[in-house]
Asks: 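One structure, as structure tokens, below. Some questions next.
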Amino acid sequence: MKYAPIKDEITFDDFSKIDIRVGLIEEVSEVAKSDKLMKLTVDFGDHKRSILAGIKQERENPKEIEGKQALFVVNLPERKMVGEVSQGMLFDIGYEDKLQPCLACPESEMPNGARAG
């Protein structure tokens, strides 16, 4: 692996603006007209969201993450992609370093909606 340089320093206030929460991936479904995106239906305890993630080519079976908890950024603006709306971002590990990505997830079960940080 080639190690990337550390990004520019940010303040604690910058970091505290990012809302990262635990969510349960209830369903993973196909996104029509996309070779990369899958639609995740995620339970955050008090509500559910649709989150599009570019995991279709990263995993032999993208549905294998159904029923798992993972970390998500939930305070990004909604984004429309190939006719679908994404209401957050899956927080995974490895993609930027061209490694086989894996979920960033709690080591033990946490309540859906629990905040990281």
Side-chain angles (χ1 to χ4, degrees):
M1 180 180 121
K2 182 180 179 196
Y3 292 93
I6 294 176
K7 294 179 180 180
D8 292 341
E9 191 174 272
I10 62 172
T11 67
F12 184 78
D13 287 340
D14 291 334
F15 175 75
S16 68
K17 292 176 185 176
I18 304 170
D19 194 344
I20 301 169
R21 297 193 183 216
V22 173
L24 176 68
I25 302 167
E26 292 187 328
E27 183 180 5
V28 178
S29 55
E30 294 279 335
V31 174
K33 302 178 188 172
S34 178
D35 294 333
K36 295 181 182 180
L37 297 173
M38 296 295 286
K39 179 179 175 179
L40 312 181
T41 302
V42 184
D43 181 357
F44 289 101
D46 62 345
H47 70 285
K48 294 181 183 184
R49 290 185 178 206
S50 293
I51 296 179
L52 302 181
I55 63 170
K56 194 178 222 177
Q57 296 176 349
E58 295 173 1
R59 297 175 175 274
E60 188 173 318
N61 177 12
K63 288 187 156 288
E64 70 190 359
I65 63 173
E66 284 181 349
K68 295 188 179 195
Q69 286 188 314
L71 298 179
F72 296 85
V73 179
V74 296
N75 65 332
L76 293 169
E78 287 187 356
R79 184 171 175 198
K80 193 168 188 176
M81 297 181 273
V82 294
E84 297 272 351
V85 175
S86 185
Q87 301 170 303
M89 184 179 81
L90 173 66
F91 203 80
D92 64 359
I93 302 166
Y95 178 78
E96 290 296 320
D97 292 316
K98 298 185 180 15
L99 299 172
Q100 178 66 40
C102 67
L103 296 178
C105 55
E107 67 179 84
S108 59
E109 188 172 328
M110 296 293 290
N112 295 331
R115 294 179 292 166

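Just so it is clear, the values below take in all heavy atoms, side chains as well, and ignore hydrogens, waters and symmetry mates. Quick caveat: nothing in here was measured; it's all calculated off a predicted structure.
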Asks: Suppose clustering is done on Ile, Leu, Val, Met, Phe, Trp and Tyr with side-chain heavy atoms closer than 4.5 Å. Which residues sit in the same group as Ile10?
Replies: Phe12, Phe15
Asks: Decide whether Leu37 and Val42 are clustered together by the hydrophobic rule: side chain heavy atoms of Ile, Leu, Val, Met, Phe, Trp, Tyr closer than 4.5 Å, transitively.
Replies: no
Asks: Got a sec, which pairs hit side chain to side chain donor-acceptor pair (under 3.5 Å) with one end in residues 32-49, sequence neighbours left out?
Replies: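 The answer is Glu26-Lys48, His47-Arg49.
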Asks: Using atom types as modelled and distance alone, determine if a side-chain donor or acceptor of Asp92 lies under 3.5 Å from a backbone N or O of Pro101.
Replies: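 Checked: no pair found.
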Asks: Measure the spacing between CZ of Arg59 and CG of Leu103 and express it to the nearest 0.5 Å.
Replies: 5.0 Å
Asks: Return the set of residues passing side chain to side chain donor-acceptor pair (under 3.5 Å) with Asp14 (not counting sequence neighbours), or none when no residue passes.
Replies: Thr11
Asks: Using only atom types and a distance under 3.5 Å, with no angle test, would you say the side chain of Gln87 pairs donor to acceptor with the backbone of Ser50?
Replies: yes
Asks: Report the distance from atom CD1 of Ile18 to atom CG of Leu76, rounding to the nearest 0.5 Å.
Replies: 8.5 Å
Asks: Mind listing the side-chain donor-acceptor pairs of residues 65-74 below 3.5 Å, one per line with the distance, residues two or more places apart or on another chain?
Replies:
from, atom 1, to, atom 2, distance (Å)
Glu66, OE2, Val28, N, 2.8
Glu66, OE2, Lys63, NZ, 3.1
Gln69, OE1, Met110, N, 3.1
Gln69, NE2, Met110, O, 2.5
Gln69, NE2, Asn112, OD1, 2.9

Asks: If you measure from CE on Met89 to CD1 on Ile20, what distance do you get to the nearest 0.5 Å?
Replies: 8.0 Å
Asks: Ignoring hydrogens and angles, tell me if any N or O in the side chain of Gln100 forms a donor-acceptor pair with the backbone of Glu58 under 3.5 Å.
Replies: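 Side chain of Gln100 to backbone of Glu58, a donor-acceptor pair under 3.5 Å: yes, one is there.
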Asks: Check whether Asp97 reaches the backbone of Ala4 with its side chain - one donor and one acceptor, N or O, closer than 3.5 Å.
Replies: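 Between the backbone of Ala4 and the side chain of Asp97 there is no qualifying donor-acceptor contact (under 3.5 Å).
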Asks: Please say yes or no: joined through hydrophobic side-chain contacts below 4.5 Å, possibly via intermediate residues, are Phe91 and Val22 part of one cluster?
Replies: yes
Asks: Glu30: what forms a side chain to side chain donor-acceptor pair (under 3.5 Å) with it, not counting sequence neighbours?
Replies: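 Glu30 satisfies side chain to side chain donor-acceptor pair (under 3.5 Å) with Lys56 only.
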Asks: How long is the span from the CG atom in Leu90 to the CG atom in Leu52, to the nearest 0.5 Å?
Replies: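 Those atoms lie 11.0 Å apart.
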Asks: Other hydrophobic cluster members with Met1, side-chain heavy atoms of Ile/Leu/Val/Met/Phe/Trp/Tyr under 4.5 Å, chained?
Replies: Tyr3, Leu99
Asks: Could you check whether atom CZ of Phe44 has more than 12 heavy atoms from other residues, nucleotides or ligands sitting under 6.0 Å from it?
Replies: yes
Asks: Grouping I, L, V, M, F, W and Y whenever their side-chain heavy atoms are under 4.5 Å apart, do Ile25 and Ile51 come out in a common cluster?
Replies: yes
